[in-house]
Structures are given as C-alpha cells and as structure tokens.
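Structure record follows, encoded as structure tokens.
Positions are given from 1 along the sequence. Treat the numbers as computed from the prediction; the structure is a model and nothing was measured.
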Amino acid sequence: MDKQTTEYAMKFHYLECFIAVAQYLNFTEAAKHLYIAQSAVSHNISELEKELDIKLLYRDKQTVMLTGAGEIFLKEALKITSMTREATSRTQKIKSGAIGNLNIGFTFVKIIDYLVDELKEFSKNNPEIDISYNSYDSITMSKMLDNNELDIGFARLITVSKKNKKNWKPLYRDQLYLVFPAGHKKTNMDKIKLQEVSDEIFMLMKREINPGMFDCISQLCINCGFTPKIVDHANDLSTQILLARMGKGIIILPESFIHSIPKDLVPIPIDNENSYHEIGVVWSKDNGNPTVPIFLEELKLMK
C-alpha cells in the first residue's frame, strides 16, 4: 500500500470514528462498535479536528455532544462514507465481472435460436452486465475475436481461424440439406447423395462473404468425386434463396434454416456422414473481460 493510499485509508477511518461517536455520543460504545480501543477513537477524533482546525465534539467526563460545526460535518461525513462504500462495491463488482459489458456475435441469428430462453435468463440474473448482440460475417468475427473487440462468438468451426489462439466449445451439429425448386425431378427422394446432383449448378454466396460455407460445399463435392459447378452471384442468403426459387440452380442450407424457407422450395437431407456443420461457441484465449467466464459458466458453455 503506497503512502497516498495509506493516508486515504486513515482519513476514511477518522470519518468512521467520528460518525460512530456522533451516533452513540459515547466513546466507549463507539469503540465497541468499531472493534478498536477507546484510546484509538479519541486519537482519531483529535487528528480529524486538528486537520479541519475546528472543534467537532464537546466532551467532558460526563458528556459528549456535537458542536454546531460537528452537526454539519456529520451530514457530509455520512454522504462521503456512503458514496465511498458504494464506489468500492461497484469497483469490486467490475473486477469480478458482475458489472461490465459483453459483446456477443454470431454468423447467423439461427445459430443461437435455441439459446434465447437462456440468454433472457442470463440478462435477468445479471442486470448490470450490458450485453450487445450483433451479426457478422465469419472473417470479420474472427478478426474481432483476435483483437478482443468481440468477447464471444457463435459460429461454425470451419470459419474460426487461428484456432490455437481461441477456445472452442462444440454445441451441436447442423445437418446440411440440398434445396430444390418445387417440381425438380429429385424432389421425390427421402435423402440424396451429392454424386446424384453432380451435373447441377450450385448457387452459392460469394466466397469473400461466406468462405466457410463455400469451402465446406466445395470440399464435400470433391470428396464425393466431382468438382461442383458453382455460380456465386449471390451476396446474401435472401438472394441465394431467391435464385433457387427462380430455378437458377440448387442450394445447400443447414437444417436450422430449413423451417423458414419458402414453400416453393423442397429440402432433402444429404446422404453423407460428413454433411454437417459443427456449431460452437468461441472466445479468445487472451480476452481479459471478467464477464466472459460468468456468461459461459451460467449458460453451461465453459469447457
């Protein structure tokens, strides 16, 4: 403890001694309340009066009374000690993570749909943690995690770069589906192998927008023995779906998106043991935000 901190602690203790004597109007009772010797109480009051250069208490062998200056000073001393305790309490809460800010990102909102109730409960239990939720493309998310601009991300494992610098907790697997326009000759099948659509055009989002999905689909097709015919004109998912509805090609979507596609599209699960995305939660290993472990532990996401 440095000299300035020591002096501050002593002066705060002077105020506590003065408040106790003013409340009990008895040095012995004040000493008992503070768990210190009566002589220490007397010394602290004398030091306080000396520093202020004013008499705060009138005292003799039988009587202890506040002077006029003492009555005014008591009101201010109570304010000061109350504010100091509040500031100390809040500072400790900030240090522990009970108060703070938490930035959460996801590549698609569908990824965290199943956690909505848990996220609501977390906010209810931690009202002094200010949480922001935002959607990012996978490249931006990865960079923000590296720079500690984002605390927690929900994404596909394939999109997480620099895995040695990040913690990863798998949550679930999202099955991939081939999606055809209604009336397509393949729509009567319960499941389908990728080899059976090797002559089809695959409508994908541009790789710079969604590299994880682009690379995943390309690799799946190559592993099945063919190079897919890719048209990557779409710059977002809505456009990709629109083009599929217009018969421009077929698309591949995770199961979490299937329930919200238009009725004139027909999803069929891909018959391949590797046709899934591993979805998980990711955070930087050097992120010092104390709210992060609180969030992960409460939602049971910690490793």
Checklist line | Passing candidate, salt bridge (Lys or Arg N to Asp or Glu O under 4.0 Å) with Arg207, options Asp137, Asp215, Asp232 | finding: Asp215
Notebook entry, point to check: Do Val197 and Phe180 have side-chain heavy atoms sitting under 4.5 Å apart?
Noted result: yes
Item checked: Euclidean distance, Leu25 CG relative to Met65 CE, rounded to 0.5 Å -> 8.5 Å
Check: Which is it for Lys110 and Ser260 under the side chain to side chain contact (heavy atoms under 4.5 Å, CB included) test, yes or no, and what are the steps along the way?
Finding: CA-CA 10 Å; Lys110 294 287 184 185; Ser260 59; 3.6 Å; yes
Margin query: Within the 4.5 Å heavy-atom criterion, are Lys32 and Asn26 side-chain neighbours or not?
Written below: no
Item checked: Sub-4.5 Å side-chain heavy-atom contact between Ile54 and Phe73 -> no
Note to self: Less than 4.5 Å apart, side chain to side chain, heavy atoms only: is that true for Met213 and Met205?
What the structure shows: no
Note to self: Is the shortest side-chain heavy-atom distance between Asp271 and Asp190 below 4.5 Å?
What the structure shows: no
Checklist line | Reference residue Tyr276; test side-chain hydrogen bond (donor to acceptor under 3.5 Å, both in side chains); the match among Gln175, Arg173, Glu255 | finding: Arg173
Notebook entry, point to check: Arg156 versus Ile279: any side-chain heavy-atom pair under 4.5 Å?
Noted result: yes
Checklist line | Which atom of Leu145 lies closest to which atom of Gly153, heavy atoms considered | finding: CD2-N, 4.2 Å
Check: Would you say the side chain of Phe295 lies within less than 4.5 Å of the side chain of Leu119, judging by non-hydrogen atoms?
Finding: yes
Check: Take atom NZ in Lys206; do more than 12 heavy atoms of anything else shown fall under 6.0 Å from it?
Finding: yes
Check: Do Asp236 and Ser238 have a side chain donor and acceptor closer than 3.5 Å?
Finding: no
Item checked: Residue pair Glu149, Asn103: steps toward the side chain to side chain contact (heavy atoms under 4.5 Å, CB included) verdict -> CA-CA 8 Å; Glu149 297 170 336; Asn103 296 315; over 6 Å; no
Notebook entry, point to check: Crowded around Lys186 NZ? As in, over 12 foreign heavy atoms under 6.0 Å?
Noted result: yes
Note to self: Go through it in stages, so that I can follow the logic: the residues are Lys169 and Trp283, the test is side chain to side chain contact (heavy atoms under 4.5 Å, CB included), and I'd like the CA-CA distance, side-chain angles, deciding distance and then a yes or no.
What the structure shows: CA-CA 9 Å; Lys169 169 73 174 181; Trp283 66 100; 4.2 Å; yes
Checklist line | Side chain to side chain, Leu194 and Leu178, heavy atoms closer than 4.5 Å | finding: yes
Item checked: Closest approach of Phe18 to Gly70 (non-hydrogen atoms, all atoms of both residues) -> CZ-O, 3.5 Å
Note to self: Tell me the closest heavy-atom pair linking Ile111 and Thr107, and the distance in Å.
What the structure shows: CD1-OG1, 2.9 Å
Notebook entry, point to check: Which atoms form the tightest heavy-atom contact between Tyr58 and Thr67, and what is the distance?
Noted result: N-CG2, 3.8 Å
Item checked: Closest approach of Asn101 to Thr291 (non-hydrogen atoms, all atoms of both residues) -> O-OG1, 3.4 Å
Item checked: Heavy-atom donor-acceptor pair, Glu118 side chain to Lys300 backbone, under 3.5 Å -> no
Next item on the list: Take Asp146 and Ser142 through the test side chain to side chain contact (heavy atoms under 4.5 Å, CB included) and record every step on the way to the result.
Entry: CA-CA 6 Å; Asp146 289 338; Ser142 190; 4.3 Å; yes
Next item on the list: Return the orientation label for the Tyr24 and His33 ring planes: parallel under 30°, perpendicular over 60°, tilted otherwise.
Entry: tilted
